[in-house]
A.B. asks: 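Here's a structure for you.
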There are 2 protein chains.
Amino acid sequence: MSQEGVGVDLETSLGYLLKESSSALRAAMEEVLRPLGMSVTHYSCLELLAQRPGLSNSELARGAFVTRQTMNVLLQALERDGYVTRPAQPPVGKVLPTRLTPRGRRSLEKASAAVRSVEARMLAGLTETEQSDAFRILQRMIHSLRGDNEGA
Amino acid sequence: MSQEGVGVDLETSLGYLLKESSSALRAAMEEVLRPLGMSVTHYSCLELLAQRPGLSNSELARGAFVTRQTMNVLLQALERDGYVTRPAQPPVGKVLPTRLTPRGRRSLEKASAAVRSVEARMLAGLTETEQSDAFRILQRMIHSLRGDNEGA
DNA sequence: TGACTCATGTCAGCATTCTGACATACGTTG
DNA sequence: CAACGTATGTCAGAATGCTGACATGAGTCA
């Protein structure tokens with residue numbers, strides 16, 4: 001039923017499996033966030049702001065793994081709808097520190113609980129050791145991919 | 001320098017780290033595929049066809065983690081440019097089995113080598129044991145996320 | 001056979017994200 | 001101080017992917 005001796009079996013590729021995992025996680029998150037009228041990027045932005053108040057647009061973009069242009073579009077919508085606030089004038093330089101409004105914080109609460117339940121489901125069946133193994137291995141992969149390990 | 005006692009530290013979330021890994025992998029793949037004028041989805045489609053000739057549009061979509069509508073648009077472009085072929089009439093039902101043309105196969109060769117080098121870089125620094133651990137853990141995560149483990 | 005369910009291919013419209021470009025502000029270096 | 005490189009916020013246009021919808025074909029079951 002399967003192919004044999006084709007060279008690179010997708011079924012044995014860690015890269016492919018990583019993409020599959022990430023896709024499954026994203027789909028599961030979308031499923032629970034949709035009833036709340038929130039997209040994954042939308043949620044990521046609010047969660048970042050809850051944990052690190054005052055992040056700038058560019059910092060939020062890096063944290064949510066999108067471009068700063070994309071985050072800017074999102075922030076303008078969130079600001080218009082009253083979920084976040086930014087000062088009219090930058091306190092220093094061009095950087096506009098962003099903060100959650102009470103409304104934004106309320107909106108995040110349900111979403112955060114929903115996402116946490118998804119993550120809990122993902123980790124169900126994994127031992128503590130396996131979780132820390134996964135953490136260490138994924139960090140190593142990121143490090144290698146970014147080429148931090150070059151030079152002498 | 002970091003926040004403490006905020007509840008959920010993004011720096012300790014396996015879900016966030018999974019997204020970060022996947023994002024780093026995708027960025028690395030885009031970097032090496034761009035000079036070849038190929039996107040990740042584009043490459044994924046060709047690679048799938050190389051390994052499993054005759055896949056249908058819907059099967060390709062599932063394998064590349066996009067909707068069948070998205071894959072349909074891509075296939076029409078690839079067919080127009082002579083990278084793949086589909087029969088004018090479905091042999092059975094509505095399913096159109098797709099195959100690489102020699103041109104498609106040639107185009108894939110360089111891309112496949114480039115992507116393989118990215119995956120090799122990602123896995124550099126991991127022992128055989130760590131790789132198989134990661135494989136098992138990621139599969140477990142996918143399984144749990146999809147809810148295959150319910151019922152009695 | 002006929003009704004029902006499901007999967008497929010495809011078209012159209014919309015949402016999201018990206019690339020390109022520009023002006024501005026900071027830090028460093030001469 | 002002046003020039004340079006870098007980072008930021010933002011606008012505009014293009015690419016990419018998604019949702020919704022429809023017709024068609026296969027399989028199931030009464």
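Residue numbers start from 1 in every chain, and the chains themselves are labelled A, B, ... in the order their sequence lines are given, proteins ahead of strands.
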A.B. asks: Produce a footprint string for nucleotides 10-18 of chain C: one letter per nucleotide, 5' end first; B if the base is under 4.0 Å from any protein heavy atom, S if only the sugar-phosphate is, - if neither.
C.D. replies: BB-----SB
A.B. asks: Could you check whether any side-chain heavy atom of B:Asp133 comes within less than 4.5 Å of a side-chain heavy atom of B:Thr127, counting everything from C-beta outward?
C.D. replies: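 Contact flag for B:Asp133/B:Thr127 side chains = no.
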A.B. asks: Test: salt bridge (charged side-chain N to carboxylate O under 4.0 Å, His left out). Region: residues 69-94 of chain A. Which pairs qualify, not counting sequence neighbours?
C.D. replies: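 Qualifying pairs, neighbours excluded: A:Glu79-A:Arg86.
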A.B. asks: Applying ring-ring contact (aromatic ring centres under 6.0 Å, His included), which residue pairs with at least one partner in residues 51-94 of chain A are found, sequence neighbours left out?
C.D. replies: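 Checked against ring-ring contact (aromatic ring centres under 6.0 Å, His included) - neighbours excluded - the pairs reaching residues 51-94 of chain A are A:Phe65-B:Tyr16.
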A.B. asks: Could you tell me which residues satisfy side chain to side chain contact (heavy atoms under 4.5 Å, CB included) with B:Pro35, sequence neighbours excluded, listed by chain and number?
C.D. replies: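 For B:Pro35 there are no side chain to side chain contact (heavy atoms under 4.5 Å, CB included) partners, ignoring immediate neighbours.
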A.B. asks: Considering only residues two or more places apart or on different chains, which pairs with a residue in residues 113-133 of chain B satisfy ring-ring contact (aromatic ring centres under 6.0 Å, His included)?
C.D. replies: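 The answer is none; no pair qualifies.
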A.B. asks: 5'-most contact on DNA chain D: A:Glu30 or A:Arg62, nearest heavy atom basis?
C.D. replies: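 The residue closer to the strand's 5' end, by nearest nucleotide, is A:Arg62.
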A.B. asks: Might you work through the side chain to side chain contact (heavy atoms under 4.5 Å, CB included) test for A:Leu17 and B:Ile142, ending with a clear yes or no?
C.D. replies: CA-CA 9 Å; A:Leu17 195 64; B:Ile142 295 170; 3.7 Å; yes
A.B. asks: Once ring-ring contact (aromatic ring centres under 6.0 Å, His included) is applied, what residue pairs with a partner in residues 103-125 of chain B remain, sequence neighbours excluded?
C.D. replies: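 Non-adjacent pairs meeting ring-ring contact (aromatic ring centres under 6.0 Å, His included): zero.
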A.B. asks: Looking at residues at least two apart in the chain, or sitting in another chain, which of them share a side-chain hydrogen bond (donor to acceptor under 3.5 Å, both in side chains) with A:Ser22?
C.D. replies: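 So A:Ser22 forms a side-chain hydrogen bond (donor to acceptor under 3.5 Å, both in side chains) with B:Ser22.
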A.B. asks: Give a yes or no answer on whether the side chain of B:Glu59 reaches the backbone of B:Ser56 with a donor-acceptor pair at less than 3.5 Å.
C.D. replies: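 Checked: pair present.
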A.B. asks: Identify all pairs in which a protein N or O lies below 3.5 Å from an N or O of nucleotides 23-26 of chain C, and state each distance.
C.D. replies:
from, atom 1, to, atom 2, distance (Å)
C:dA23, N3, A:Lys94, NZ, 3.3
C:dC26, OP1, A:Gly93, N, 3.3

A.B. asks: I need the CD-C1' distance between B:Gln89 and D:dG25, as an integer number of Å.
C.D. replies: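 Computing the B:Gln89:CD to D:dG25:C1' distance gives 13 Å.
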A.B. asks: Under the 3.5 angstrom rule, does the side chain of A:Ser44 hit a backbone N or O of A:Val40 as a donor-acceptor pair?
C.D. replies: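 Indeed, once roles are kept as given, a pair shorter than 3.5 Å links the two residues.
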A.B. asks: To the nearest 10 degrees, how far apart in direction are the end axes of the helix from C:dT1-D:dA30 to C:dG30-D:dC1, each fit to five base pairs?
C.D. replies: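 The end axes of the helix from C:dT1-D:dA30 to C:dG30-D:dC1 are about 30° apart, to the nearest 10°.
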A.B. asks: Give the rounded distance in Å between these two atoms: CG of B:Leu60 and C1' of C:dT8.
C.D. replies: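 Distance check: B:Leu60 CG to C:dT8 C1' gives 13 Å.
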A.B. asks: Just grab all the ring-ring contact (aromatic ring centres under 6.0 Å, His included) pairs involving residues 105-126 of chain A, residues at least two apart or on different chains.
C.D. replies: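 Residue pairs passing ring-ring contact (aromatic ring centres under 6.0 Å, His included), neighbours aside: none found.
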A.B. asks: Where do A:Pro97 and A:Pro87 come nearest, in terms of heavy atoms and distance?
C.D. replies: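 Minimum heavy-atom separation between A:Pro97 and A:Pro87: O-CD, 3.2 Å.
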A.B. asks: Only pairs at least two apart or in different chains count here, so list each salt bridge (charged side-chain N to carboxylate O under 4.0 Å, His left out) that has a residue in residues 26-41 of chain B.
C.D. replies: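 Residue pairs with at least one partner in residues 26-41 of chain B: B:Arg26-B:Glu30.
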A.B. asks: Let me know the distance between CG of B:Leu75 and P of D:dG17, rounded to the nearest Å.
C.D. replies: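 Distance, rounded to whole Å: 12 Å.
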A.B. asks: Give me the distances for all protein-to-nucleotides 2-5 of chain C N/O pairs that come in under 3.5 Å?
C.D. replies:
none

